[in-house]
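All remarks here apply to the structure that follows.
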Amino acid sequence: MNYWLFKSEPSTYSIDDLANAANNTDHWDGIRNYTVRNMIRNQIKKNDQGFFYHSSCSKPGIIGIVKVTKESYPDHTAFDPSSKYFDEKSDLDSPRWFMFDVKLIKKFPAIIPLELLRKENSLNGMQLLKKGNRLSITSVSAIQWEHIISLAEQ
DNA sequence: GCCAACGTTGGC
DNA sequence: GCCAACGTTGGC
């Protein structure tokens, strides 16, 4: 099983939106970056777990845990001209973009701020924290995962 | 295939 | 709003 970190701008889609979705489950759409697309198609598997990360907001950080409930399938928003994620180059017969489903497992009582993650020496190698990282999905090692979970429980 | 120009991300 | 860093586009 793999661990991930999924970024979302709370003004677009927050952890509370997921909490309010039917069965606490929703699709993770709108990925329009090839590196991340390939991660979805090749690596993100059912029952993988991930952190829900709030980005581009006043206090960015990790706010909860989700679980992958459905693996890679075509992102239908790419075919919808009214969607901001519409991509006229995505072909129904050969979709360019993919999404997956996640279920909310836990919302932390308090966000774990990016600022705090940066202070943790044992998280030095974390992909999220690397200079220039802009990927909206990054991998998390089991050790990093456990360490962050322990921060959430403090 | 190179690379300049432009677009996007996302912390601050 | 700024801007560093990276991604994408498209002419050549």
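Each chain gets a letter, A, B and so on, in the order its sequence line appears, and its residues count up from 1.
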Starting at atom CD1 of A:I137, determine the distance to atom C1' of B:dT9, rounded to an integer number of angstrom.
15 Å
Please list, chain by chain and in numerical order, all residues satisfying ring-ring contact (aromatic ring centres under 6.0 Å, His included) with A:H76, sequence neighbours excluded.
A:H27
Aromatic contact, A:W4 with A:F51 (centres under 6.0 Å)
no
For residues 95-118 of chain A, which side-chain N or O atoms pair as donor and acceptor with protein atoms under 3.5 Å away, sequence neighbours left out?
unit_1: A:R96; atom_1: NH1; unit_2: A:Y34; atom_2: OH; d: 3.1
unit_1: A:W97; atom_1: NE1; unit_2: A:D87; atom_2: OD2; d: 2.7
unit_1: A:D101; atom_1: OD1; unit_2: A:Y73; atom_2: OH; d: 2.5
unit_1: A:K103; atom_1: NZ; unit_2: A:N23; atom_2: OD1; d: 3.4
unit_1: A:K107; atom_1: NZ; unit_2: A:D16; atom_2: OD1; d: 2.9
unit_1: A:R118; atom_1: NH1; unit_2: A:L129; atom_2: O; d: 3.4

What's the CD1-C1' distance between A:I62 and B:dG10, to the nearest Å?
16 Å
Taken to the nearest whole Å, OH/A:Y34 to P/B:dT8 is 14 Å
In terms of side-chain geometry, is the basic nitrogen of A:D75 or A:R32 positioned less than 4.0 Å from the acidic oxygen of its partner?
yes
Whole angstrom value for the distance that separates P of C:dT8 from CZ of A:R32:
13 Å
B/S/- contact track for nucleotides 2-7 of chain B, protein heavy atom under 4.0 Å
-----B
If I take atom CD in residue A:E115 and atom C1' in nucleotide B:dG10, what distance separates them, rounded to the nearest angstrom?
16 Å
Between B:dG10 (P) and A:Q127 (CD): distance, integer Å
13 Å
Nucleotide B:dC12, atom P - distance to NZ of A:K59 in whole Å
12 Å
What is the distance, rounded to the nearest whole Å, between atom CZ of A:R118 and atom C1' of B:dG10?
11 Å
